[in-house]
Undergrad: 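Please read through the structure below; I'll follow up with questions.
Note that these values count all heavy atoms, side chains included, but never hydrogens, waters or copies made by symmetry.
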Amino acid sequence: MGGECVLSDSGQEAPRNPWFLQGWKASRMFLIKGSVAGGAVYLVYDQELLGPSDKSQAALQKAGEVVPPAVYQFSQYVCQQTGLQIPQLPAPPKIYFPIRDSWNAGIMTVMSALSVAPSKAREYSKEGWEYVKARTK
């Protein structure tokens, strides 16, 4: 099985890939994606983005200050390497988005929904049971 040969398009014998090379090729993308996901999780943990909202707000402000110059530098690099002319983009609008208020509102909504879920489930199941009983009479 491992030493068998097959005919290629040109009619010449070409050795088959051993099973472990086929497995490696198939798992390569999984390893790359897993590495990217692991790096993202580590970055979130390292920057303490899941901690207090003050730190998340500071990280968002830092990203807002760092990303536009980086995009500009990258576009200049692409222009130099390819000879393309990229038109100047307008300055990004200044947006103030208080994460703390949105986060707290979202958490309050979710917790409120979870707290009434058992009683609502009981209420809806009772209504459903009454409906079924009324229809089967």
Side-chain angles (χ1 to χ4, degrees):
M1 184 176 199
E4 297 176 10
C5 293
V6 293
L7 291 178
S8 65
D9 292 338
S10 63
Q12 298 176 343
E13 286 189 4
R16 281 190 187 189
N17 288 337
W19 63 271
F20 59 87
L21 285 180
Q22 291 174 354
W24 171 252
K25 288 179 182 179
S27 65
R28 189 171 34 190
M29 286 305 292
F30 175 76
L31 291 173
I32 291 170
K33 290 177 182 180
S35 299
V36 170
V41 169
Y42 175 75
L43 180 67
V44 166
Y45 175 77
D46 186 50
Q47 297 293 320
E48 298 179 7
L49 295 179
L50 297 178
S53 60
D54 296 340
K55 291 187 179 187
S56 300
Q57 184 79 22
L60 182 62
Q61 281 182 323
K62 182 179 177 183
E65 295 169 358
V66 172
V67 170
V71 169
Y72 178 75
Q73 288 176 351
F74 180 73
S75 67
Q76 293 302 314
Y77 174 76
V78 169
C79 289
Q80 290 174 353
Q81 295 298 317
T82 61
L84 297 173
Q85 294 296 326
I86 299 177
Q88 182 67 29
L89 296 174
K94 300 291 183 190
I95 299 174
Y96 174 70
F97 185 72
I99 291 178
R100 177 183 293 165
D101 298 340
S102 300
W103 174 260
N104 290 341
I107 293 296
M108 296 301 273
T109 303
V110 168
M111 291 302 146
S112 172
L114 289 176
S115 69
V116 299
S119 60
K120 286 290 185 181
R122 188 178 79 217
E123 179 185 331
Y124 293 147
S125 63
K126 185 177 178 183
E127 289 176 11
W129 183 249
E130 293 296 327
Y131 177 80
V132 169
K133 281 180 17 180
R135 292 291 179 186
T136 56
K137 286 184 179 180

Undergrad: Taking only distance into account, with no hydrogens and no angle test, what donor-acceptor pairs under 3.5 Å do side-chain atoms of residues 105-115 form with protein atoms, sequence neighbours excluded?
TA:
{"unit_1": "Thr109", "atom_1": "OG1", "unit_2": "Ala105", "atom_2": "O", "d": "2.8"}
{"unit_1": "Ser115", "atom_1": "OG", "unit_2": "Met111", "atom_2": "O", "d": "3.4"}
{"unit_1": "Ser115", "atom_1": "OG", "unit_2": "Ser112", "atom_2": "O", "d": "2.8"}

Undergrad: Apply side chain to side chain contact (heavy atoms under 4.5 Å, CB included) to Glu123 and list each qualifying residue two or more places apart in sequence or on a separate chain.
TA: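 In terms of side chain to side chain contact (heavy atoms under 4.5 Å, CB included), with neighbours along the sequence ignored, Glu123 is linked to Lys120, Glu127.
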
Undergrad: Can you list the residues that meet the side chain to side chain contact (heavy atoms under 4.5 Å, CB included) rule with Lys133, with sequence neighbours excluded?
TA: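 Partners of Lys133 under the side chain to side chain contact (heavy atoms under 4.5 Å, CB included) test: Trp129, Glu130.
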
Undergrad: Please examine the side chains of Ser119 and Val116, heavy atoms only from C-beta on, and report whether any two atoms are closer than 4.5 Å.
TA: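 Val116 vs Ser119: side chains touch.
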
Undergrad: Mind checking what makes side chain to side chain contact (heavy atoms under 4.5 Å, CB included) contact with Tyr45, not counting sequence neighbours?
TA: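 Scan of Tyr45 (side chain to side chain contact (heavy atoms under 4.5 Å, CB included), adjacent residues dropped) gives none.
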
Undergrad: Who passes side chain to side chain donor-acceptor pair (under 3.5 Å) against Tyr131, sequence neighbours left out?
TA: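 Tyr131 satisfies side chain to side chain donor-acceptor pair (under 3.5 Å) with Arg135 only.
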
